[in-house]
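Working notes for the structure below.
The sequence lines fix the lettering, A, B, ..., with proteins before strands; numbering per chain opens at 1.
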Number of protein chains: 2
Amino acid sequence: MVQYSISNLDASFGALADPTRRGVLEQLGQADASITTLAEMFQMTLTGMKKHVGVLEQAGLVCTEKVGRVRTCKLGLRGLEEEAVWIERHHQLWATRFNELDAILEELKQKEK
Amino acid sequence: MVQYSISNLDASFGALADPTRRGVLEQLGQADASITTLAEMFQMTLTGMKKHVGVLEQAGLVCTEKVGRVRTCKLGLRGLEEEAVWIERHHQLWATRFNELDAILEELKQKEK
DNA sequence: ACTATACTGAACTGAATGGTTCAGTATAGT
DNA sequence: ACTATACTGAACCATTCAGTTCAGTATAGT
C-alpha cells in the first residue's frame, strides 16, 4: 500500500477548485474587502460568501479580522508555497516520464537505420 | 459583478484535492499501471479506483488505453501546465501585496525618525 | 469448452458542498 | 433611544462525492 504524507493540500486544492473562491483570491489580490463587498461582487448572500471565506481561511489562503461590525478579508500570510512546490515537483515527474519516452523513441529510430 | 473566465481549473484542482488521486499521479509518475494494480496499492475496490481514474482522466491529467482485458493508465499528455501558471500568477499577486505592505511599513518607519 | 482474470455499469449509501432563508446579535450614525 | 448596517448561526435543500456491492461482459490461459 502506498503511504501518503498528511498535509493541507486537500484543503487548499479543494479551496481552489471553486471558481467563486478563485475569484475571491483574485479580488483580494487587488484589495482587501469586507464580506458584504465580496457577496455583492459575486452576487451571493452574505451567509453564502461567509462560507466561502471560511473555506479559504481554513486552507490558510485568506485571513480575516473583525473590527467594529465589519470583517475584513485579506490574502493569508502563506501564499500557495506548498501548492506551488507540489505542482512543480510533479511537473518534473511529467518531464521525466516524457523524456524517457523520447529516449525510447530515439532508440527505436536508431534501430530502424 | 466579477466575471471569471471558463477553464478546466475546476476539474483539475478538484482532481488534485483528493489524496488518493494525488497518490495515483505520484504512482503513474513512476510507472504506468492497470486499474487492478492501482486498486490494490490504494486498498480499494476496482470500481472505486476506476472512478478516481475517471476523474483524473476528465481533468486531462491521466490517459488510459484498454488492450485486451487490461486498461493501462499513464500520465496525461498535458502536465499541470495550466495549474502551474495559475498558481504562479497568484504567487505574484501575493508578493505584490506584501511588497506594498513592506513599503507602507517602511514609510511608517521613516516618519518615526 | 471451462475457468479465472480484468474490467464495467447500475444502484445504493452516508457524508460533504454550495447554496438558501430566517431569526438573531452587535455596532454605527442621528 | 432608534434605525440601519454587518455580520452570525441554525436549519434546510438539492446535488455531488467517495465509496460500496452485485451482477454482468469480455478476454486469457488450459
Does B:Lys50 have a side-chain nitrogen or oxygen under 4.0 Å from the phosphate oxygens OP1 or OP2 of C:dG9?
yes

With no hydrogens and no angle check, is any side-chain donor or acceptor of A:Arg22 less than 3.5 Å from a backbone partner on A:Leu16?
yes

Using heavy atoms to find the nearest nucleotide of DNA chain D for A:Lys51 and A:Thr72 separately, return the residue whose nucleotide is more 5′.
A:Thr72

Which nucleotide sits closest to the side chain of A:Thr20: D:dT20, C:dG19, C:dA6?
C:dG19

Between A:Arg71 and D:dT8, is there a side-chain N or O to OP1/OP2 distance below 4.0 Å?
yes

For the base of C:dG9, is there a side-chain donor-acceptor partner from B:Thr47 under 3.5 Å away?
yes

Side chain to side chain, B:Val24 and B:Met41, heavy atoms closer than 4.5 Å:
no

Output the rounded distance in Å from NE2 (B:His52) to C1' (D:dT20).
12 Å

Quick one: A:Ile35 CD1 to D:dG9 C1', roughly how many Å, whole number?
14 Å

Does CD belonging to A:Gln58 count more than 12 external heavy atoms closer than 6.0 Å?
no

Re C:dT17: Watson-Crick or G-U wobble partner, both distances kept under 3.5 Å, found to be D:dA14

Just N and O in the side chain of B:Lys66: are any of them under 4.0 Å from OP1 or OP2 of D:dT27?
no

State the pairing partner of D:dG29; accept Watson-Crick or G-U wobble contacts with both distances under 3.5 Å, and report none otherwise.
C:dC2

DNA chain C: A:Asp18 or B:Thr37, which has the more 5' nearest nucleotide?
B:Thr37

To the nearest Å, give me how far apart CG (A:Leu56) and P (C:dG18) are.
10 Å

Would you mind reading off the distance between B:Asp10 atom CG and D:dT16 atom C1', rounded to a whole angstrom?
13 Å

B:Leu46 CG to D:dC22 C1', in whole Å, measures 13 Å

Between D:dT8 atom P and A:Leu38 atom CG, what is the distance in whole Å?
12 Å

Could you identify the nucleotide paired to C:dG9, looking across every strand shown and requiring Watson-Crick or G-U wobble geometry with both distances under 3.5 Å?
D:dC22

Which is true for B:Gly68 with a 4.0 Å heavy-atom rule: it touches a base, it touches only sugar-phosphate, or it touches nothing?
sugar-phosphate

Quick one: sort the B:Phe13 and A:Phe13 rings into parallel, tilted or perpendicular, breaks at 30° and 60°.
parallel

Atom CZ of A:Arg21 and atom P of C:dG18: how far apart are they, to the nearest Å?
4 Å

What integer distance in Å separates B:Glu57:CD from C:dT8:C1'?
14 Å

Assign each of B:Arg69 and A:Gly14 the nucleotide of DNA chain C bearing its closest heavy atom; nearer the 5' end lies the nucleotide of B:Arg69

Considering non-hydrogen atoms only, spot the tightest contact between B:Trp86 and A:Leu25 and give its length.
CH2-CD1, 4.0 Å

